[in-house]
Trainee: 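Encoded as structure tokens, here's the structure I'll be asking about.
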Amino acid sequence: MKVATWNVNGIRARASQIQEWLDRERPDVVCLQELKAEASQIPEQCKSADYHAYWHCLKAYSGVSLMLRKELFPAEPVYTHPAFDYESRIVQVERDDLVLASVYVPNGGKDYPAKLNFLTLMIDWVRRLHAEGRSLVLCGDINIARTELDVHPRERKPSVVGQRPEERALFHTLLDAGLTDVGRKLDPDNDGLFTWWAPWRNMRQRNIGWRLDYVLASQRIAEAAAGCVVQADVGTSDHAPVVMTTR
């Protein structure tokens, strides 16, 4: 299985790039975030006939999508949202004992308590799924640099939202609920593994960034992962796609 996640930072601005990327990569599961569009504004070229798709939209803000390749998931999926969803931030689908989800965690810059509450409720949801014997692949923009290694030294500021101790503690608790950070599991010592770069001063070209986008998976899926790469050369969003493949 091939699972991909990408914060596109405006699907209308990136429509041709998304189409080219989908045609080239052909992921089985596609999680997109920050669509910034109403459902009626989703470009037709992003609606591939090869995929089931759900567009969880909000005008000019937020928004997530979850797409499943029909070849691997032939049955029409039933998309739902956990109870803690707000501002079109998470969509999920169940396949037997597997749950797939695309998530866009609040940035927290304008409402920090809301971000912490979202994370706390998401942790409870993950625990409940695992208690029910489910496996989970949770993909998206978590909006937290998990450790110091996940921020370029020039960008390390412990008081800045996205790097604060209480955010990282919640991320640690999320993993303790039964998830594995697949990218870091497969590349534990890479100090240049970033997925977001500020859109100025050639930060992306200089690889002065943060790691904010993740594929998090339950143990049996994480153990089957053969690769989890950041495609830093793809697109003009300020985020790069992350793609996991399993054996």
Side-chain angles (χ1 to χ4, degrees), residues 3 5-7 9 31-36 56 58 61-66 79-94 99-132 134-151 155-185 193-196 209-219 221-222 228 238-239 242 244:
V3 180
T5 183
W6 189 8
N7 178 323
N9 190 18
C31 300
L32 303 179
Q33 301 88 41
E34 209 168 356
L35 303 178
K36 295 183 178 180
H56 192 31
L58 197 65
Y61 181 71
S62 192
V64 294
S65 177
L66 180 54
Y79 294 96
T80 58
H81 313 284
F84 61 91
D85 178 42
Y86 81 109
E87 295 183 332
S88 300
R89 292 190 176 276
I90 183 166
V91 58
Q92 66 178 9
V93 70
E94 300 178 17
V99 177
L100 303 163
S102 175
V103 67
Y104 177 43
V105 173
N107 173 277
K110 293 182 179 179
D111 191 346
Y112 188 62
K115 178 180 188 177
L116 300 185
N117 184 60
F118 187 96
L119 289 164
T120 299
L121 293 173
M122 189 163 71
I123 290 165
D124 291 341
W125 169 70
V126 171
R127 285 175 173 155
R128 185 167 62 253
L129 290 176
H130 283 145
E132 294 170 355
R134 310 285 188 90
S135 292
L136 172 65
V137 179
L138 176 63
C139 301
D141 180 357
I142 306 297
N143 259 318
I144 301 170
R146 185 185 147 204
T147 69
E148 288 292 274
L149 190 64
D150 299 306
V151 186
E155 292 287 293
R156 291 175 187 167
K157 302 169 186 175
S159 63
V160 170
V161 174
Q163 300 182 40
R164 291 180 179 176
E166 59 269 25
E167 295 174 276
R168 287 177 169 169
L170 283 169
F171 204 146
H172 183 78
T173 303
L174 178 66
L175 298 179
D176 279 350
L179 294 177
T180 297
D181 174 359
V182 179
R184 190 53 79 191
K185 176 182 184 291
L193 189 65
F194 308 128
T195 68
W196 175 84
W210 302 28
R211 191 165 72 106
L212 300 178
D213 306 85
Y214 300 84
V215 175
L216 307 179
S218 300
Q219 182 177 353
I221 299 168
C228 190
D238 50 351
H239 294 255
V242 181
M244 177 188 76

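Counting from 1, the numbers follow the sequence of the chain as shown.
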Trainee: Restricting to non-hydrogen atoms, name the atom on Ala101 and the atom on Cys31 that form the minimum distance, rounded to 0.1 Å.
Mentor: O-SG, 3.8 Å
Trainee: What closest approach, in Å, do Val151 and Gln163 show between heavy atoms, and which atom pair accounts for it?
Mentor: CG1-NE2, 3.7 Å
Trainee: Would you give the length of the straight line joining atom CH2 of Trp6 to atom CG of Asp213, rounded to the nearest 0.5 angstrom?
Mentor: 11.5 Å
Trainee: Main chain of Leu136, side chain of Ser218: is a donor-acceptor contact present, judged purely on distance under 3.5 Å?
Mentor: yes
Trainee: Taking all non-hydrogen atoms of both residues into account, name the closest pair between Val93 and Tyr79 and its distance.
Mentor: CB-CD2, 4.2 Å
Trainee: I need the Leu66 CG to Cys139 SG distance, nearest 0.5 Å.
Mentor: 8.5 Å
Trainee: Return the OG1 to CD1 distance between Thr80 and Ile90, rounded to the nearest 0.5 Å.
Mentor: 9.0 Å
Trainee: Within the side chain of Arg146, is there an N or O that forms a donor-acceptor pair under 3.5 Å with the backbone of Phe171?
Mentor: no
Trainee: Gln33 and Thr5: side-chain donor and acceptor closer than 3.5 Å?
Mentor: yes
Trainee: Is there a donor-acceptor pair closer than 3.5 Å between any side-chain N or O of Ser62 and the backbone N or O of Glu87?
Mentor: yes
Trainee: List in chain and number order the residues that pass side-chain contact (heavy atoms from CB on, under 4.5 Å) with Ser88, two or more places apart in sequence or in another chain; answer none if no residue qualifies.
Mentor: His56, Leu58
Trainee: Are the side chain of His239 and the backbone of Trp196 linked by a donor-acceptor contact shorter than 3.5 Å?
Mentor: no
Trainee: What are the two closest heavy atoms between Asp181 and Leu175, and how far apart are they?
Mentor: N-CD2, 4.0 Å
Trainee: Quick one: do Tyr214 and Arg184 satisfy side-chain contact (heavy atoms from CB on, under 4.5 Å)? Show the steps, please.
Mentor: CA-CA 9 Å; Tyr214 300 84; Arg184 190 53 79 191; over 6 Å; no
Trainee: Would you be so kind as to tabulate the donor-acceptor pairs closer than 3.5 Å made by side chains of residues 104-115, with sequence neighbours excluded?
Mentor:
from, atom 1, to, atom 2, distance (Å)
Asn107, OD1, Gly109, N, 2.9
Asp111, OD1, Ala114, N, 3.2
Tyr112, OH, Glu166, OE2, 2.8
Lys115, NZ, Asn107, O, 3.0
Lys115, NZ, Asn143, O, 2.7
Lys115, NZ, Glu167, OE2, 2.5

Trainee: Hey, could you give me the OH/CG distance between Tyr86 and Leu121, rounded to the nearest 0.5 Å?
Mentor: 10.5 Å
Trainee: Hey, is the main chain of Val91 close enough, under 3.5 Å, to the side chain of Ser102 for a donor-acceptor pair?
Mentor: no
Trainee: Identify the two heavy atoms, one from Arg89 and one from Tyr61, that lie closest to each other, and give their separation to 0.1 Å.
Mentor: NH2-OH, 2.9 Å
Trainee: Are Asp150 and Thr147 linked by a side-chain donor-acceptor pair shorter than 3.5 Å?
Mentor: yes
Trainee: Of all the heavy-atom pairs spanning Leu179 and Leu138, show the shortest one and how long it is.
Mentor: CD1-CD2, 4.2 Å
Trainee: Please name all residues satisfying side-chain contact (heavy atoms from CB on, under 4.5 Å) with Arg127, sequence neighbours left out, ordered by chain then number.
Mentor: Ile123, Asp124, Thr173, Ala177
Trainee: From Trp210 CH2 over to Leu193 CG, what is the distance, rounded to the nearest 0.5 angstrom?
Mentor: 15.5 Å
Trainee: For Val103 and Ile142, what are the C-alpha separation, side-chain angles and deciding distance, and is it a side-chain contact (heavy atoms from CB on, under 4.5 Å)?
Mentor: CA-CA 7 Å; Val103 67; Ile142 306 297; 3.9 Å; yes
Trainee: Mark yes or no for whether Arg168, through its side chain, and Ala145, through its backbone, hold a donor-acceptor pair below 3.5 Å.
Mentor: yes
Trainee: Roughly how far, to the nearest 0.5 Å, is the CG atom of Leu170 from the CG atom of Leu119?
Mentor: 5.5 Å
